[in-house]
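Worth saying up front: this structure is predicted, and the values here are computed from it rather than measured. Because only heavy atoms are used, hydrogens play no part in the values below, and waters and symmetry mates are left out as well, while side chains stay in. Numbers restart at 1 for each chain; the letters A, B, ... are given by sequence-line order, proteins then strands.
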Protein chains: 2
Amino acid sequence: MQTISREDYLKAILKIEEEAGSVSNQALVEKLNTRPASVTNMLHTLAAAGWVEHEAYKGVCLTDSGKDIALSTLRKHRLWEVFLVDKLNFSWDEVHQWAEDLEHVGDEELTNRLDAFLGHPAFDPHGDPIPTAQGQWSDGRNLIPASKTVEGDRIQLKGVVDSGESYLKHLDGLKIELGLILVVSKSLDFDESKILIWPDGSEASLSKQTLQNMLVEKLSRKGKE
Amino acid sequence: MQTISREDYLKAILKIEEEAGSVSNQALVEKLNTRPASVTNMLHTLAAAGWVEHEAYKGVCLTDSGKDIALSTLRKHRLWEVFLVDKLNFSWDEVHQWAEDLEHVGDEELTNRLDAFLGHPAFDPHGDPIPTAQGQWSDGRNLIPASKTVEGDRIQLKGVVDSGESYLKHLDGLKIELGLILVVSKSLDFDESKILIWPDGSEASLSKQTLQNMLVEKLSRKGKE
DNA sequence: AGCTTTTTTTAGCCTTGCCTAAAATAATTT
DNA sequence: AAATTATTTTAGGCAAGGCTAAAAAAAGCT
Ligand SMILES: [Mn+2]
Ligand SMILES: [Mn+2]
Ligand SMILES: [Mn+2]
Ligand SMILES: [Mn+2]
């Protein structure tokens with residue numbers, strides 16, 4: 001039977017699988033901010049339910065049914081985030097905490113109605129793709145970290161690597177939001193920082209770390225669009 | 001610290017206080033569908049938190065802080081019900097189960113934004129008043145059960161006594177919904193049933209039990225409005 | 001008043017999910 | 001290869017919130 005904690009674990013396993021290929025207990029300890037013994041314990045529960053395959057000391061991976069639950073939970077999380085930003089006017093750095101609760105409410109029917117109400121959004125407020133009702137969530141886009149751009153590039157912010165509150169607030173402070181178009185004015189070799197130009201003509205220097213976490217799309221270099 | 005279960009108990013105590021004056025353990029057993037020992041247990045927890053006053057074998061009542069929590073939870077419950085009906089197009093008999101979960105999500109800020117988004121509704125989909133952010137929820141209306149109407153009365157359905165799924169579905173089947181205006185065509189003494197006339201001219205007979213659970217407002221007897 | 005029934009509490013147990021500490025295993029160094 | 005370090009598991013607890021069964025108290029009856 002699904003519980004809040006079990007759904008959170010499955011979602012965490014899914015994300016670690018995506019970004020690291022294999023899932024160690026240690027990775028779950030960090031992602032879920034818990035203790036190794038708790039992880040081992042929960043993996044036994046999840047394995048008994050048939051949602052993961054787990055061999056002691058070897059690691060864990062999702063089964064098909066486990067992946068279904070994880071994707072459905074992730075879908076709900078991201079749809080609720082869209083709701084909170086689009087309808088309740090929260091900013092992108094405030095919504096994760098509530099979505100972490102809301103994702104455990106409702107069934108497929110409710111989720112699909114929410115999806116329709118929101119206009120079937122493809123991405124959440126952090127630029128992350130929203131799995132479909134059928135569990136598809138191939139991204140399609142080819143995003144690169146802003147740190148890999150060169151002078152003269154026109155880029156549009158489409159996502160973030162780190163969607164933690166502190167990084168998002170940092171971007172807020174720089175007047176950087178999803179969809180913003182910037183031009184790379186200068187690349188400083190020395191500390192890998194770059195000077196960017198805002199649409200209003202203002203300029204600012206962004207650190208390597210800030211740039212690495214910005215996922216951007218390269219636009220044609222001159223077009224007005 | 002607040003938990004889902006504690007909020008549910010406080011809300012149940014509030015409602016029983018309203019409708020019965022005093023709150024027995026037995027009443028909580030029935031309202032929350034649990035066992036007497038569980039109630040005693042939780043009342044100790046709530047008393048220790050300072051949310052209720054409880055004397056063994058004497059009963060329980062809310063403290064000011066307990067009432068605050070109960071009202072806030074009830075407010076959230078009813079606002080989410082409005083959301084589900086008005087925005088996601090659920091029917092009034094489907095929303096309670098989800099509101100029972102949603103009421104435990106979010107803080108005051110989120111609730112107030114939801115309230116604003118919904119246009120500060122005064123009543124939920126079952127006609128129950130929604131407490132304000134300041135914890136006011138005096139009804140103001142003077143509703144009577146439809147069983148107390150007489151031939152010739154023009155009445156408008158404004159609420160229900162029993163908002164359980166089966167009764168609401170029963171009303172659905174009769175094409176009776178909140179706001180509907182009916183005229184009392186005949187009162188049958190023998191079984192206390194009545195024949196009602198719908199706006200489209202159709203008629204139907206409603207049983208005493210059905211009528212007792214309909215809360216209506218008497219309208220002027222001839223006006224078009 | 002004395003007996004019976006209902007209500008409430010106590011006692012004891014269970015499940016979920018978390019924890020620490022210690023033991024076992026795997027991975028890295030030297 | 002042996003020693004050290006890191007990871008994972010086991011063992012043993014704990015808190016919340018359920019449960020049943022039995023005891024205690026209150027209420028209702030004769
Ligand atoms: Mn969560
Ligand atoms: Mn997100
Ligand atoms: Mn609830
Ligand atoms: Mn309601």
Side-chain angles (χ1 to χ4, degrees), chain A residues 1-14 16-17 19-62 66 69-70 73 97 100-101 103-105, chain B residues 1-14 16-17 19-62 66 69-70 73 97 100-101 103-105:
Chain A
M1 193 228 1
Q2 290 174 43
T3 65
I4 291 174
S5 188
R6 289 166 198 187
E7 288 178 352
D8 283 339
Y9 268 86
L10 291 172
K11 194 162 54 89
I13 294 168
L14 178 77
I16 297 169
E17 262 184 5
E19 69 198 29
S22 78
V23 183
S24 69
N25 293 31
Q26 191 56 33
L28 284 165
V29 165
E30 278 152 32
K31 178 85 72 181
L32 295 169
N33 191 21
T34 182
R35 305 293 133 221
S38 305
V39 171
T40 300
N41 206 54
M42 180 58 84
L43 293 184
H44 288 155
T45 302
L46 299 179
W51 295 328
V52 301
E53 271 164 42
H54 180 242
E55 235 188 312
Y57 293 103
K58 297 291 180 183
V60 71
C61 64
L62 290 172
I69 297 170
T73 308
Q97 56 166 151
E100 201 53 58
D101 293 334
E103 69 189 354
H104 307 291
V105 177
Chain B
M1 192 225 4
Q2 290 174 44
T3 66
I4 291 173
S5 187
R6 289 166 197 187
E7 289 177 351
D8 283 340
Y9 268 87
L10 291 172
K11 193 162 55 87
I13 294 168
L14 178 78
I16 297 168
E17 262 183 5
E19 69 198 30
S22 78
V23 184
S24 69
N25 293 31
Q26 191 55 33
L28 283 165
V29 165
E30 278 152 33
K31 177 86 71 182
L32 294 169
N33 191 20
T34 182
R35 304 293 132 221
S38 304
V39 170
T40 300
N41 205 53
M42 180 57 85
L43 292 183
H44 288 156
T45 302
L46 298 180
W51 294 328
V52 300
E53 271 165 43
H54 180 241
E55 236 188 311
Y57 293 104
K58 297 291 179 184
V60 72
C61 64
L62 290 172
I69 298 171
T73 308
Q97 55 165 151
E100 203 53 58
D101 293 334
E103 69 189 353
H104 307 291
V105 177

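- Nearest heavy-atom pair, B/A12 versus B/L28, reported as atom, atom and distance to 0.1 Å: CB-CD2, 3.8 Å.
- OP1 and OP2 of D/dT8 both lie 4.0 Å or more from every side-chain N or O belonging to A/H44.
- Taking 4.0 angstrom as the limit, A/N41 places none of its side-chain polar atoms (N or O) nearer than this to OP1 or OP2 of C/dC18.
- Side-chain N/O atoms of A/T34 include none lying less than 4.0 angstrom from OP1 or OP2 on C/dG17.
- Atom-to-atom, CG of B/D8 to P of D/dG18 comes out at 9 Å; the value is rounded to the nearest Å.
- Of all nucleotides listed (D/dA16, C/dG17, D/dT9), D/dT9 comes nearest to the side chain of A/H54.
- Considering only side-chain atoms of B/Y57, the nucleotide from C/dT9, C/dC19, C/dA24 that sits closest is C/dT9.
- In this model, the phosphate group of D/dC19 is approached by a side-chain N or O of B/S38 to a distance below 4.0 Å at OP1 or OP2.
- The side chain of A/P36 sits closest to D/dT8 out of C/dC19, C/dT9, D/dT8.
- Between the side chain of A/S38 and the main chain of A/T34, no donor-acceptor pair closer than 3.5 Å is present.
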In sequence, state the C-alpha distance, the side-chain angles, and the governing distance for A/H104 and B/D101, and then conclude on side-chain hydrogen bond (donor to acceptor under 3.5 Å, both in side chains).
CA-CA 9 Å; A/H104 307 291; B/D101 293 334; over 6 Å; no

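- Atoms CG (B/N33) and C1' (D/dG18) sit 12 Å apart, rounded to a whole Å.
- We find that NZ of B/K58 is positioned 14 Å from C1' of D/dA24, with the value rounded to whole Å.
- If you check D/dT20, C/dT9, D/dG17 against the side chain of B/A37, the one that comes closest is D/dT20.
- Between B/R35 and D/dT20, a side-chain N or O to OP1/OP2 separation shorter than 4.0 Å is present.
- Residue B/S5 places at least one side-chain N or O closer than 4.0 Å to OP1 or OP2 of D/dG18.
- When the shell of 6.0 Å around CD of B/E53 is examined, it contains 12 or fewer heavy atoms from other residues, nucleotides or ligands.
- The CD atom of A/E103 sits 6.0 Å away from the OG1 atom of A/T73 when rounded to the nearest 0.5 Å.
- Separating the CD1 atom of A/I4 from the C1' atom of C/dT15 is a distance of 16 Å, rounded to the nearest angstrom.
- Here C/dC18 presents its C1' atom at 15 Å from CG of A/L28, a figure rounded to the nearest Å.
- Taking every side-chain heavy atom of A/M42 into account, C/dG17 is the closest of D/dC19, D/dT7, C/dG17.
- Rounded to a whole Å, the CE atom of A/M1 is 12 Å from the P atom of C/dT15.
- At C/dT7, none of the side-chain N or O atoms of B/S24 fall inside 4.0 Å of OP1 or OP2 (strictly under the cut-off).
- Judged by distance alone, with hydrogens and angles left aside, the side-chain atoms of A/R6 form no donor-acceptor pair with the main-chain N or O of A/L46 at under 3.5 Å.
- If you take CG of A/N25 and C1' of C/dA26, they are 12 Å apart, rounded to a whole angstrom.
- B/A56 comes within contact range of the sugar-phosphate backbone alone, with a heavy-atom separation under 4.0 Å but no base atom that close.
- In this structure, A/L32 atom CG and C/dC19 atom P are separated by 10 Å, rounded to whole Å.
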